Amino acid sequence: MTENAPVDPTSTEAWKQLAGIADGFTPDLRGWFDEDASRAEKYTFQAADLTVDLSKGLLTDEILGHLLELAKSVDVAGRYQAMISGEHINVTEDRAVLHTALRRPRDTTGLVPAAPFTVDGENVDDAVHATLDKVYAFAEKVRSGEWTGVTGKRIETVVNIGIGGSDLGPVMVYEALKPYVQAGLEARFVSNIDPSDVYEKTADLDPETTLFIVASKTFGTLETLTNARLAREWLWKQLAAAGALDDTDEARKSAVAKHFVAVSTALDKVAAFGIDPENAFGFWDWVGGRYSVDSAIGTSVVIAIGPDNWREFLAGFHAVDEHMRTTPLEQNVPVLMGLLNVWYSNFLGAQSHAVLPYAQYLHRFPAYLQQLTMESNGKSVRWDGSPATTDTGEIFWGEPGTNGQHAFYQLIHQGTRLIPADFITVANPAHPLKDETGDGSTVEAGQDVHNLFLANFFAQTKALAFGKTADEVRAEGTKESVVPAREFSGNRPTASILAPALTPSVVGQLIALYEHIVFTEGTIWGIDSFDQWGVELGKQLALQIAPAVDGDEAALESQDSSTKSLIAKYLELRD
Ligand code: F6P
């Protein structure tokens with residue numbers, strides 16, 4: 001343990017002041033905007049290319065002042081500096097936490113710490129760039145067709161096999177950057193141990209043009225290793241069926257060498273699986289799984305979008321890292337957003353947090369954020385092992401707008417719960433289509449559809465903030481008995497995030513923004529945001545229970561009565 005006991009945030013003066021304000025708090029966004037013509041400008045901030053408007057949040061100068069004091073009391077800035085300096089702030093695993101080192105540019109002039117950046121005796125900058133070079137060289141070979149399958153055909157489909165951080169990041173970024181994918185190349189992602197996943201993802205593939213990337217930090221994850229074996233079996237069978245594989249171990253080995261590569265920190269286990277360590281890309285134990293999308297774990301995406309776009313992606317992360325490192329707390333976007341989230345969840349009773357991308361290509365962003373935020377901050381003990389002194393771990397969820405509008409927005413607008421929501425969008429769409437005909441009434445012929453889309457973004461945040469009073473509803477001639485049902489309370493907080501376009505850099509910026517929001521919240525709560533012991537028990541039990549599910553009587557007998565009867569029912573139903 002290198003870290004001291006965390007400051008108990010509830011013992012700080014700032015916390016007491018905030019609790020006092022929260023007691024009987026009656027937000028008034030209409031009034032606040034009326035009183036202060038500069039509110040929008042005052043609470044709009046810039047982080048790299050991201051314009052972030054927090055003015056429709058439930059904050060005042062007084063609240064913000066206390067939140068900033070809270071950040072100082074727990075020393076958010078100092079802990080961030082400790083993190084990027086390589087201190088072992090992941091105390092329960094005794095590890096440094098250095099995902100920010102994955103995107104430090106080669107030229108580190110002006111960075112802190114300056115090159116060479118060594119951690120535990122290892123030159124991190126050199127190691128990161130050597131691996132990037134290896135990934136880039138491999139990606140170029142696949143993209144150019146120089147790397148071929150065992151029958152000499154170029155690769156057309158890359159299948160990433162991984163789960164958690166070894167899946168959610170790559171799939172989210174691949175989907176976000178689809179317009180940048182090289183024509184003739186496709187990536188697919190297998191994660192679930194449900195055999196339907198690997199079956200469906202491979203069913204229509206040509207084995208001769210398919211490359212599997214087994215992505216697993218530990219190379220010991222049950223789901224990933226099982227799926228990797230299923231994929232290897234599929235490859236051998238399909239190649240044999242196509243007359244492209246002799247029935248010899250040597251031929252099978254050659255097929256694996258040309259159709260399987262790996263990304264892992266455990267190169268010995270990669271070799272044991274039969275993948276040539278020459279075709280393996282490493283990373284390090286100081287990169288957490290959910291913080292690893294910008295490491296070699298993203299190899300599938302590097303192949304799809306190419307090294308130049310990947311460099312831009314990393315530069316986007318780095319721009320926000322530098323914003324986090326150098327910007328005073330008062331203007332520091334991840335810190336401000338993290339503080340507001342604490343205000344909503346710890347003081348105003350928010351139980352969850354919606355993330356609503358108004359960008360179809362970001363449709364996997366909420367799922368990605370669920371691991372980033374909840375695996376990081378879903379903890380009940382602090383980094384010194386003592387119990388958390390307050391609620392931790394926001395529940396993140398969401399869907400892209402406008403789909404969400406027609407599903408769950410009802411509850412956000414009129415439900416009894418406070419649900420802070422982050423609205424994310426871009427000014428320039430990848431496909432600026434026009435509705436050439438329109439409908440002759442609400443939609444003009446030639447309507448720019450992205451404008452219409454964005455009108456929804458602006459309308460939703462406006463409706464949530466300002467609502468509609470009973471008098472306004474009455475003024476529309478609404479029957480009195482229906483007025484309450486048609487009233488909107490307003491004062492439902494949103495943050496609006498606007499970027500110029502969904503470029504590789506902007507996607508990197510968005511990820512880094514949320515990484516540092518998570519960091520800020522975790523630091524306030526005093527928890528280790530970088531371990532994940534809560535996923536272990538279920539994993540262990542699954543292995544213990546597996547024999548019972550396979551019909552081992554003794555193993556079945558040793559289960560609790562509920563589990564035993566459920567397994568018995570399953571076995572009865574199973575053909
Ligand atoms: O679910 C737990 C977890 O350890 C995640 O933190 C991680 O991203 C995922 O499993 C996959 O782990 P690995 O990359 O080692 O296969």
Side-chain angles (χ1 to χ4, degrees), residues 89-99 102 131 135 159-174 189-194 197-198 212-232 260-273 275 277 280-302 364-379 393 395-396 511 514-515 518-519 522 527-543:
I89 69 164
N90 176 354
V91 284
T92 70
E93 296 180 303
D94 192 15
R95 287 177 182 166
V97 176
L98 279 172
H99 43 280
L102 296 169
T131 302
V135 171
V159 182
N160 186 82
I161 302 176
I163 197 165
S166 301
D167 167 72
L168 287 163
V171 72
M172 183 276 283
V173 175
Y174 175 75
F189 299 84
V190 172
S191 53
N192 202 333
I193 197 171
D194 181 338
D197 196 11
V198 72
F212 292 97
I213 301 180
V214 186
S216 174
K217 178 175 168 179
T218 53
F219 225 77
T221 303
L222 178 72
E223 291 88 339
T224 300
L225 276 270
T226 305
N227 278 325
R229 285 189 295 272
L230 292 176
R232 191 175 56 184
F260 273 81
V261 298
V263 182
S264 185
T265 57
L267 297 182
D268 48 335
K269 293 186 186 163
V270 169
F273 182 85
I275 297 175
F281 309 99
F283 63 119
W284 307 271
D285 72 359
W286 39 259
V287 182
R290 57 197 173 274
Y291 296 89
S292 67
V293 61
D294 48 342
S295 71
I297 284 291
T299 297
S300 54
V301 187
V302 187
R364 293 293 290 163
F365 196 56
Y368 169 76
L369 283 188
Q370 287 185 326
Q371 188 197 16
L372 178 65
T373 61
M374 298 203 268
E375 197 166 83
S376 294
N377 281 343
K379 314 282 165 68
I395 299 160
F396 271 75
I511 300 172
Y514 279 90
E515 286 177 350
V518 166
F519 174 86
I527 57 182
D528 181 344
S529 302
F530 305 101
D531 62 12
Q532 57 284 317
W533 297 107
V535 300
E536 290 305 320
L537 179 59
K539 284 186 194 172
Q540 284 165 12
L541 290 182
L543 291 177

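In this text the structure is predicted, and so the values were computed from the model without any measurement. Every number for a ligand or one of its atoms is a count from 1 in the order of the listing.
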Keeping the roles fixed (side chain from Thr265, backbone from Lys217), state whether a donor-acceptor pair exists under 3.5 Å. yes
Over all atoms of both residues, closest heavy-atom pair of Thr224 and Ile161: CG2-O, 3.5 Å
Atom 5 (C) of ligand 1 - nearest protein heavy atom and its distance: Glu375 OE1, 3.4 Å
So, regarding Thr218 and ligand 1 (criterion: nitrogen or oxygen to nitrogen or oxygen, under 3.5 Å), is there a contact or not? yes
Compare Val263, Thr265, Thr221 and give the one whose heavy atom is closest to atom 16 (O) of ligand 1. Thr221
Is there at least one pair of N or O atoms, one from Val535 and one from ligand 1, spaced under 3.5 Å apart? no
For atom 8 (O) of ligand 1, grab the closest protein heavy atom and report residue, atom and distance to one decimal in Å. Gly165 N, 2.7 Å
Gln532 and ligand 1 - part of the residue with a heavy-atom distance under 4.0 Å: side chain
Less than 6.0 angstrom from the centroid, inside 45 degrees of the normal: does Arg364 satisfy that with respect to the ring of Phe189? no
Of Leu222, Ile161, Ile163, Val214, the one whose closest heavy atom lies nearest atom 11 (C) of ligand 1 is Ile163
Measure Lys539 to ligand 1 on non-hydrogen atoms and call it side chain, backbone, both or neither using the 4.0 Å cut-off. side chain
Numbered atoms of ligand 1 (with element) below 4.0 Å of Gly164, judged on heavy atoms: 8 (O)
Going by heavy atoms in the side chains, are Thr131 and Trp284 under 4.5 Å from each other? yes
Tell me whether Lys539 contacts the main-chain N or O of Leu222 through its side chain, where contact means a donor paired with an acceptor under 3.5 Å. no
Just say parallel, tilted or perpendicular for the rings of Phe219 and Phe273, cut-offs at 30° and 60°. perpendicular
State yes or no: are the ring centers of Tyr368 and Tyr514 separated by less than 6.0 Å? no
